[in-house]
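One structure below.
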Amino acid sequence: MTQFPKNFLWGGAIAANQAEGAFDRDGKGVSILDVMSVGSKNQPRQRRSLDDQTAFFPSHDAIDFFDKYESDIALLKQLGIKCLRTSINWTRIYPTGVESVPNEKGLAYYDKLFDCMIRNGITPVVTLQHSDTPIYLADHYGGWKNRKVVDYFLNYVRTIFKRFRTKVKYWIVINEINSVNFVTWFGAAGENLTESEKEQASYHLLLANASAVKIGKSINPNFKIGGMVTDCYSYPYSCRPEDVLLSVRDKHKNIFFADVMVRGYYPSYKIQELKRKSISIKQEAGDDDMLHAGTIDFLAFSYYSSHVSSTQKDEVIQGNLLQNIIGKTNPYLQTSDWGWQIDPLGLRTSLNDFYDRYQIPLFIVENGLGAVDNIDDNNYVEDDYRIDYLKQHIQAVKDAIDYDGVNVMGYLVWGIIDIISGTTGEMAKRYGLVYVDRDNYGKGTGRRYVKKSFDWYKQVIRTNGENL
Ligand code: BGP
């Protein structure tokens, strides 16, 4: 009989900016995401002025998790999840990022939230930065390309680690650190980084990640601190040697971040690339030691889709906002309503690939299906398509553990309660096992209704993955 490990971390995940709302309450400052308007499958979110009456900003109310966390956590207790991943919004704690004293009301909110989770038997897994850099740091410092942002971030990190030293054990420093490769809000919001600024920003993010690990361990040696990437496994489109080599190159682009976080130094392929492009990274004394000292305890990753590397660029997938990391459509796969290709076996391949390379515990901290749900007259959603997606992906994890011997710590369903989409800000792109009555423009009662997938996942957890 196939067995998931006894203490397998079954759970769900959300992020502060996509769930909390209350964007200006209790002294919170404005983050980059708070000025991003709603987009759609074909229209990326755009930076707009806060007083622009024609713009709708989904993060401002999101799903009101800020006020509704107690009843939401009670619902998640019924689901039986062992852990919930959420993030701390940096701007609740340091509204502009540069204050010397943290905002006590922001800290008090997360005290209440974590206490509530713990009371309900749900272990918090906490991300320190989930895309919500203070807008002040983006506008006045140019975002992560500026070294000062590392210092401000570490000031915030120190505050958080000290405050929640005894409440939180599992930490993820930066959400999808490799997404600096393809989203603009890592830089000065709305502005594209030049290649050398992007390399400098990547360096700062990696340095911040390593320093956070070091700081965390000095505050509580029992902390388990992970680094996180979005998985970008890329198949060669064909066995043409050119396609195969391109898939290696594409892999380097993304796995570079994991290589540094796990191994503690820049890999030789990156060093050669920087030389070739005459890009020199500005470093300071002691940085190399810091990268080396701050390696991660586990590698966390999000997985939604595999990708294809092809030297023939004629068939780029349309509608996927991450398309600049994608070559061709994979003819063997189906796509979601938002054009993301569905590939459960790809998850197993990725797990093997990561584990072969690093031999450290892996944590799937985001996986799920963003789909259009139709709620019936009885307020019920029969989301068999979601059950099917999750079932196949969990089966792939099971096989990776049982057959391939991969060390997997846990599996979290992304957007366990419907939240706003990260890439488009839409509410209609739903991942949840709980339906939230709210539309793309914030209209609706905000009431929660369990979907069919809720009961399905409940029995998966109850049987520790035996009944899929
Ligand atoms: C990841 C982000 C999440 C989440 C997820 C799904 O990149 O870490 O914040 O948004 O993608 O994306 P979306 O919500 O756009 O479907």
Side-chain angles (χ1 to χ4, degrees), residues 11-20 31-34 36-46 58-59 62-63 65 84-90 125-133 172-186 205 226-233 254 257 299-307 317 319-326 335-342 347 350 363-373 386 389-390 393 412-433 436 438 440:
I14 55 173
N17 77 82
Q18 291 168 259
E20 288 175 359
S31 85
I32 289 181
L33 269 300
D34 293 330
M36 301 297 277
S37 63
V38 67
S40 68
K41 184 170 155 184
N42 303 312
Q43 166 70 52
R45 300 175 76 174
Q46 283 171 343
S59 75
I63 60 153
F65 184 73
L84 177 66
R85 172 183 175 222
T86 188
S87 61
I88 293 178
N89 196 319
W90 186 351
V125 175
V126 178
T127 312
L128 289 159
Q129 204 227 358
H130 198 121
S131 329
D132 40 24
T133 306
I172 290 165
V173 183
I174 294 168
N175 183 64
E176 296 185 340
I177 192 166
N178 55 333
S179 58
V180 66
N181 272 344
F182 39 79
V183 291
T184 51
W185 52 65
F186 267 107
L205 285 159
M228 185 194 166
V229 291
T230 181
D231 181 48
C232 296
Y233 194 87
N254 287 294
F257 292 84
L299 180 66
F301 68 99
S302 58
Y303 179 86
Y304 294 96
S305 186
S306 56
H307 308 289
I317 295 177
N320 186 333
L321 297 176
L322 307 184
Q323 63 190 357
N324 55 351
I325 53 164
I326 293 169
T335 57
S336 75
D337 295 340
W338 270 259
W340 293 16
Q341 293 209 291
I342 300 170
L347 175 55
S350 276
F363 196 173
I364 301 148
V365 295
E366 287 184 29
N367 176 239
L369 178 69
V372 174
D373 285 338
R386 182 168 292 109
Y389 178 103
L390 295 173
H393 283 76
L412 310 184
V413 173
W414 174 252
I416 191 93
I417 298 184
D418 289 346
I419 52 177
I420 60 168
S421 148
T423 51
T424 70
E426 292 164 291
M427 195 63 212
K429 192 178 187 190
R430 296 172 184 275
Y431 285 85
L433 313 188
V436 176
R438 186 153 275 185
N440 285 349

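Note that ligands are numbered from 1 as they come in the structure, with each ligand's atoms numbered from 1 the same way. Only heavy atoms go into these numbers, but all of them, side chains included; no hydrogens, no water, no symmetry mates.
Here is the list of ligand 1 atoms found below 4.0 Å of a heavy atom in Lys429: 13 (P), 15 (O), 16 (O). Ligand 1 places these atoms under 4.0 Å from at least one heavy atom of Glu176: 1 (C), 2 (C), 7 (O), 8 (O). Residue Tyr431 has at least one heavy-atom neighbour below 4.0 Å for each of these atoms of ligand 1: 6 (C), 12 (O), 13 (P), 14 (O), 16 (O). Close contacts between ligand 1 and Tyr304 involve ligand atoms 5 (C), 6 (C), 11 (O) [criterion: under 4.0 Å to a heavy atom]. Counting atoms of ligand 1 from 1 in the listed order, those under 4.0 Å from a heavy atom of His130 are 2 (C), 3 (C), 8 (O), 9 (O).
The proximity of Trp338 to ligand 1, defined as any non-hydrogen pair under 4.0 Å, does not occur for either the backbone or the side chain. Under 4.0 angstrom from ligand 1, there are no non-hydrogen atoms of Thr230. With a 4.0 Å cut-off on non-hydrogen atoms, Ala15 does not touch ligand 1 at all.
Distance check: Trp338 CH2 to Thr423 OG1 gives 9.5 Å after rounding to the nearest 0.5 Å. Here the CD-CD1 distance, from Glu20 to Ile419, works out to 11.0 Å after rounding to the nearest 0.5 Å. For the atom pair CG (Leu390) and CH2 (Trp414), the distance works out to 14.5 Å, reported to the nearest 0.5 Å.
By the 3.5 Å distance cut-off applied to N or O atoms, Trp340 is not counted among the residues near ligand 1. The shortest N/O to N/O separation between Gln18 and ligand 1 falls below 3.5 Å. Backbone and side-chain nitrogen or oxygen atoms of Gly422 are examined, and one is located within less than 3.5 angstrom of a nitrogen or oxygen of ligand 1.
With sequence neighbours left out, Asp373 forms a salt bridge (charged side-chain N to carboxylate O under 4.0 Å, His left out) with Arg386, Lys451. Contacts of Asp34 classified as side-chain contact (heavy atoms from CB on, under 4.5 Å), with partners at least two apart in sequence or in another chain: Phe23, Lys28, Val30, Ser31, Ser59, His60.
Between the side chains of Thr127 and Asn175, no donor N or O sits under 3.5 Å from an acceptor N or O.
Pairing each heavy atom of Asp418 with each of Gly432, the nearest pair is OD1-N, 2.8 Å.
Checked for salt-bridge contact, Lys41 and Glu426 miss the test: no charged N lies under 4.0 Å from a carboxylate O.
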